[in-house]
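Shown next, in structure tokens, is the structure this report addresses.
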Protein chains: 2
Amino acid sequence: MYRTHNCGELRSKNIGQSITLSGWVQRIRNLGGMTFIDLRDRYGITQLVADEGIDQKLAKIIGSLGREYVITCNGIVLERTSMNSKILTGDIEVQIQQIKILNQSELPPFTIEDETDGGDELRMKYRYLDIRRNPVRNSLLLRHKVAQTIRKYLDSQDFIEIETPFLIKSTPEGARDFVVPSRMHAGEFYALPQSPQTFKQLLMIAGMDKYFQIVKCFRDEDLRADRQPEFTQIDCEMSFVEQDDVLKTFEGMITSLFSEVADVNFKQPFQRMTYNDAMALYGSDKPDVRFEMCIRNLTAIAKGKGFGIFDNADYIGGIVATGCANYSRKQLDELTKFVQRPQVGAKGLIWIKIDSNGDVKSSVDKFYSSDDLLAWGEHMNAQKDDLMLVMAGENEPTHEALGVLRLEMADRLNLRDRGTFAPLWVVDFPLLEWDEETERFYAKHHPFTSPVSTDIHLFDSDPVAIRANAYDLVINGVEIGGGSIRISDRELQHKMFKVLGFTEAEAEEQFGFLLNAFKYGAPPHGGVAFGFDRLCAVIGGTDSIRDYIAFPKNNAGRDVMINTPSMLSQVQLNELSIEIKSKK
Amino acid sequence: MYRTHNCGELRSKNIGQSITLSGWVQRIRNLGGMTFIDLRDRYGITQLVADEGIDQKLAKIIGSLGREYVITCNGIVLERTSMNSKILTGDIEVQIQQIKILNQSELPPFTIEDETDGGDELRMKYRYLDIRRNPVRNSLLLRHKVAQTIRKYLDSQDFIEIETPFLIKSTPEGARDFVVPSRMHAGEFYALPQSPQTFKQLLMIAGMDKYFQIVKCFRDEDLRADRQPEFTQIDCEMSFVEQDDVLKTFEGMITSLFSEVADVNFKQPFQRMTYNDAMALYGSDKPDVRFEMCIRNLTAIAKGKGFGIFDNADYIGGIVATGCANYSRKQLDELTKFVQRPQVGAKGLIWIKIDSNGDVKSSVDKFYSSDDLLAWGEHMNAQKDDLMLVMAGENEPTHEALGVLRLEMADRLNLRDRGTFAPLWVVDFPLLEWDEETERFYAKHHPFTSPVSTDIHLFDSDPVAIRANAYDLVINGVEIGGGSIRISDRELQHKMFKVLGFTEAEAEEQFGFLLNAFKYGAPPHGGVAFGFDRLCAVIGGTDSIRDYIAFPKNNAGRDVMINTPSMLSQVQLNELSIEIKSKK
């Protein structure tokens, strides 16, 4: 037997017992004849100790140990002379009686410590060593706990986990599907699912009523820092529901989850905000509502005073940075540069300070009187010592830029506490988006998303004003999930295809098997999908989803540990009836 | 709101309540002015009733209903005049007050009943309708329950579910990997995992200690009736364990599972049998031990009596079919034909009857005296009224043929009760298999499987006799899972590669990243993988795994519902830098 206990388990109640532990050598210290070994496993660290009196053979083994050696050790649990309250086993130590080296280790390419000297790529290459480090291991343990808790909750609500297929069909708009050549059907391909959307709708038609799945999805996109070609979704769908039923169910899930894994208690119902309000007040469809600092519209009161930039703007708005009237010229220049970066794209930034006496100073003193600026302050509810930051320009881009500035100021003011969580439903998204280039509407979500019933009359008169029966869950400014009530009425579906410019034949070609299924009694249904990797990262309080994925790919979609993607042999290519074409 | 209750929920305690139900119309009966509607959802069936007195508008809606229409109904719960004990809601019925048609349905292509008139392919094409049938729905519900129970058990044992990647690397022997062309890296490919084997070993090296995953795996094999190109594994691995630790852990899992989902209680430890015993006594490495009928070796006592077929045979053996002495000539001919089918491949079958007086009659009376045959009977423990069935030939094929005959006789004698479960570990598999064609050894499991420690000395002298530290779990003659203790010692790994004929360079090329990981302190570890689809089928008491898969592929690896695999557009092929080659 390799162990009677694990390395995180022994307490004072075990003192005097003869035990066996196995694990990795974290650290060896030799102090005046006494040797201390920190033995580590997944569960913790236990201190092993050998004093001067041990026999030569044992001393020789101990002398030969190196970091990350795998050993098994028999010994007696002793009370520790200097207790260590930082570790759970800090009250005891184990007097070594026997040690056996189970495996040696070469010197790891980086230190196995909370703060390591290894760079990103090196740690990715040796991910199996990186996982030995507490922060990565704990992220994976959290992920497991999140999955278990979600499954338990959904099971308790009569949801059934059903596996949908991975080898499915490429859809015409899915130029970015990953595909899989079929050996048995030369020239034909499967595709990996971007989501189980159609299958979960089929399961509702099949009468399964409440479905969920924690499932890998695949998207062959050009990668951004926080995207992975394979990612995990918590995919859910329900029948005989309206939007409110869905929101309530998943508020319950998120509340139960945060309570169990993060000891955070949410009040239900969660805050709900329309898409229009989110854009107007926060400049974002995923506002961070841990703090206020709402955007205020100054268009009416700031126009017409001869300041050309403002007079020609569609929109003028600003935010109030509390207590920032003491910002230096340098700091204000920094902010201006920040909003002028291409990622934000603003032309400039106007600032107005109200000092402790209530006097104003601004970058637009030439155009506006103190009274003008104090009126702005009143409109924006700015107080003494506050800094007003104002931008102008086209409506949407200016709102978005103010939204980004709002987050930047919140970071500077430490208003985005990682231990605070503010969940929010954003509702009433637009159903359609107009694309200038192709001069047609696109479904903002997908063509099966239901419009809000009171907006259906707008299909003929004002399609862009139609609100979707769609919703996103946002926590701390991060979109955690989203979904919609689906269209289950055939006439409405036809209206939708018509406004999207599909002919009947095109609709049939693209969505034939689903439309066919809809002929046999589709129940009203709707659902939601959560980004599991991102949800874990939000709970863990980090920005990078990579820490929560055991074996992530890098930004080029490559796994540098196993070195994939890679070339195939000619035999394999022949079997698959494909050949490589050089890219032009 | 679409419903206050589901269709399986109402009981006599609800009598008098005003309720709302939604579901599908299962059946409509019109009996002398009264109309009865069976309303169905996932949870059950509730009888709705409308009597003569209802208003015309309601009567018109009811008159327009068809099978599989989706409706929502308000009504009052009444006591049923003639109760139906076959359904859970049989004590009540609902007096219709309002009905709304939520969706119509065309006539389904087959009846939505337990016994349907739809053939296999038709039901696959309309799988979403097939799932509405009780047997399929219940199979999917069972699958969910099995998954939940297993996760709960493994979680309680400190196992962590960790997702391993799907986009991995093709291995040289993996000509039968499914591959995925990379768009971003032209000419390069990912491969879909046949199992997470290497990743779970890496997770052990990473110190995760106890890992599991319920995960899709992919194998591009020519399909047999019960194989799917994508299938689900319960994949597990543990560190610091020996074989016995693994067997105990998963006996616990299987025991807990059967207790919770099938109300069957197993005694632990499970029966264990060596591979050699399984082959000798049952003619199979996955014996069905719900019944005895062991194979007996007659070689010594049946040889040398002038019967050429036996005298020239390597092996003579037989089984006893209890109480079958009354088998007719026709029945015996049937059995002979059965063993002569190519799938069994026996040359012939010898029979010996012991009648109720203890007299013998046989197909070899010419060569053996009554005393000879009674001596066989004694050796085989045959009684009066029993039938002995004997075969001879080469050792292994004869054992296997007897094994198949044994199952056939058990089927005829109803000894394979679907409600009885007999779990069994088969252990001590051979480590190596000699391949005559390539004249080399192959690993029976994989090259990282550890040999039994006491057999290591045989590497130089008698490799074929080396037993592997490997085990299979068999239930009712079905292999449910298998695994092994892995090699974690580098010298032993070198021995293994040497006997498999790998040069160091070849080993490095094929298994480089895993071998590299082994340099940094690999713990002793081992694991097991269970076939989840098959496990569900065994619990459900059916032979076909397809019933337990929501959207299975047919025998040609095709999903006939969505019609995949299918052609890609030229745009997609260009993006992926591949072209189709016509197969020769």
Sort A:T72 into side chain, backbone, both or neither according to what part of it lies under 4.5 angstrom from a heavy atom of chain B. neither

Does a side-chain N-to-carboxylate-O contact under 4.0 Å join A:R3 and B:D209? yes

A:D158 versus chain B, heavy atoms under 4.5 Å apart: side chain, backbone, both or neither? both

Side chain from CB out, backbone as N, CA, C, O: work out which of these in B:L202 comes under 4.5 Å of a heavy atom of chain A, or both, or neither. both

Ranked by heavy-atom pairs below 4.5 Å to chain A, first place among B:F513, B:Y43, B:F189 goes to B:F189

Pick from A:R490, A:E161, A:E230: which one has the most heavy-atom pairs with chain B under 4.5 Å? A:E230

Contact origin within A:F159 toward chain B - heavy atom pairs under 4.5 Å: backbone

So for A:I562, is it side chain, backbone, both, or neither that comes closer than 4.5 Å to the heavy atoms of chain B? both

Who among A:V25, A:V136, A:I168, A:N6 has the most heavy-atom pairs with chain B under 4.5 Å? A:I168

Please look at B:R143 and chain A and tell me whether the side chain, the backbone, both or neither of the residue comes under 4.5 angstrom of a heavy atom of that chain. side chain

If you measure from NE2 on A:H525 to CZ on A:F240, what distance do you get to the nearest 0.5 Å? 11.0 Å

Mind checking the OG-NZ spacing from A:S566 to B:K169? Nearest 0.5 Å is all I need. 4.5 Å

Could you check whether atom NZ of B:K210 has more than 12 heavy atoms from other residues, nucleotides or ligands sitting under 6.0 Å from it? yes

Heavy-atom cut-off 4.5 Å, strictly under: side chain, backbone, both or neither for B:Y69 against chain A? neither

With rounding to the nearest 0.5 angstrom, report the CD to CZ distance, B:E221 to B:R176. 8.5 Å

Residue A:V241 versus chain B: region with a heavy atom under 4.5 Å: backbone

Mind checking whether A:P565 and B:M184 have side chains closer than 4.5 Å, heavy atoms only? no

Does any backbone or side-chain atom of B:S239 lie under 4.5 Å from a heavy atom of chain A? Answer side chain, backbone, both or neither. backbone

Check this for me: A:K125, atom NZ, are more than 12 non-hydrogen atoms of other residues, nucleotides or ligands nearer than 6.0 Å? no

Between A:D177 and A:S170, what is the shortest heavy-atom contact and its length? OD2-OG, 2.8 Å

Carboxylate-amine/guanidinium proximity below 4.0 Å for B:K152 and B:D155: no

Return the option, out of B:I214, B:D244, B:L203, with the maximum number of heavy-atom pairs under 4.5 Å with chain A. B:L203

Strictly distance-based, threshold 3.5 Å: is any side-chain N or O of B:D41 a donor or acceptor partner for the main-chain N or O of B:C7? yes

Checked A:A550, A:G23, A:G66, A:A517 vs chain B; the most non-hydrogen pairs under 4.5 Å come from A:A517

If one checks every heavy atom of A:I101 against chain B at 4.5 Å, the contacting part turns out to be neither

Can you tell me how far OH of A:Y520 sits from OH of B:Y128, rounded to the nearest 0.5 angstrom? 6.0 Å

Tell me which of these, B:P552, B:P181, B:G187, B:P165, has more heavy-atom pairs under 4.5 Å with chain A than the rest. B:P165

Measure distances from A:Y548 to the heavy atoms of chain B and classify the residue's part below 4.5 Å as side chain, backbone, both or neither. neither

For B:S569, which atoms come within 4.5 Å of any heavy atom of chain A: side chain, backbone, both, or neither? neither

Determine yes or no for a side-chain-to-main-chain donor-acceptor pair under 3.5 angstrom, with B:S22 supplying the side chain and B:Y2 the backbone. yes

Side chain, backbone, both or neither of A:F551 within contact of chain B (heavy atoms, under 4.5 Å): both

Do A:F199 and A:Q213 have side chains that approach each other closer than 4.5 Å (heavy atoms only, starting at C-beta)? no

B:D533 side chain to B:F231 backbone, donor-acceptor under 3.5 Å: no

Honestly, the part of A:A147 sitting under 4.5 Å from a heavy atom of chain B is neither

Under 4.5 Å heavy-atom distance to chain B, tell me which part of A:Q148 shows up: side chain, backbone, both or neither. side chain

Whether A:W24 side chain and B:G521 backbone form a donor-acceptor pair below 3.5 Å: yes

Do side-chain atoms of A:E579 reach the backbone of A:L573 as a donor and acceptor pair under 3.5 angstrom? no

Under 4.5 Å from any heavy atom of chain B, what part of A:R151 do you find: side chain, backbone, both or neither? both

Pair count under 4.5 Å, heavy atoms only, with chain B: among A:Q104, A:R137, A:R40, A:M208, highest is A:M208

Using a cut-off of under 4.5 Å on heavy-atom pairs, state which of A:H185, A:M567, A:R133, A:E68 scores highest against chain B. A:H185

Among A:I549, A:T232, A:V215, which has the most heavy-atom pairs under 4.5 Å with chain B? A:T232

Donor-acceptor pair, side chain of B:R132 and main chain of B:I112, under 3.5 angstrom: no

Go through the atoms of B:L129 and report whether side chain, backbone, both or neither lie under 4.5 Å from a heavy atom of chain A. side chain

Taking side chain as everything from C-beta outward and backbone as N, CA, C, O, which of these in A:F532 sits under 4.5 Å from a heavy atom of chain B? Side chain, backbone, both or neither. side chain

Portion of A:I205 that has a non-hydrogen atom of chain B nearer than 4.5 angstrom: both

Heavy-atom cut-off 4.5 Å, strictly under: side chain, backbone, both or neither for B:K216 against chain A? side chain

Can you tell which part of A:N563 gets under 4.5 Å to a heavy atom of chain B, answering side chain, backbone, both or neither? both

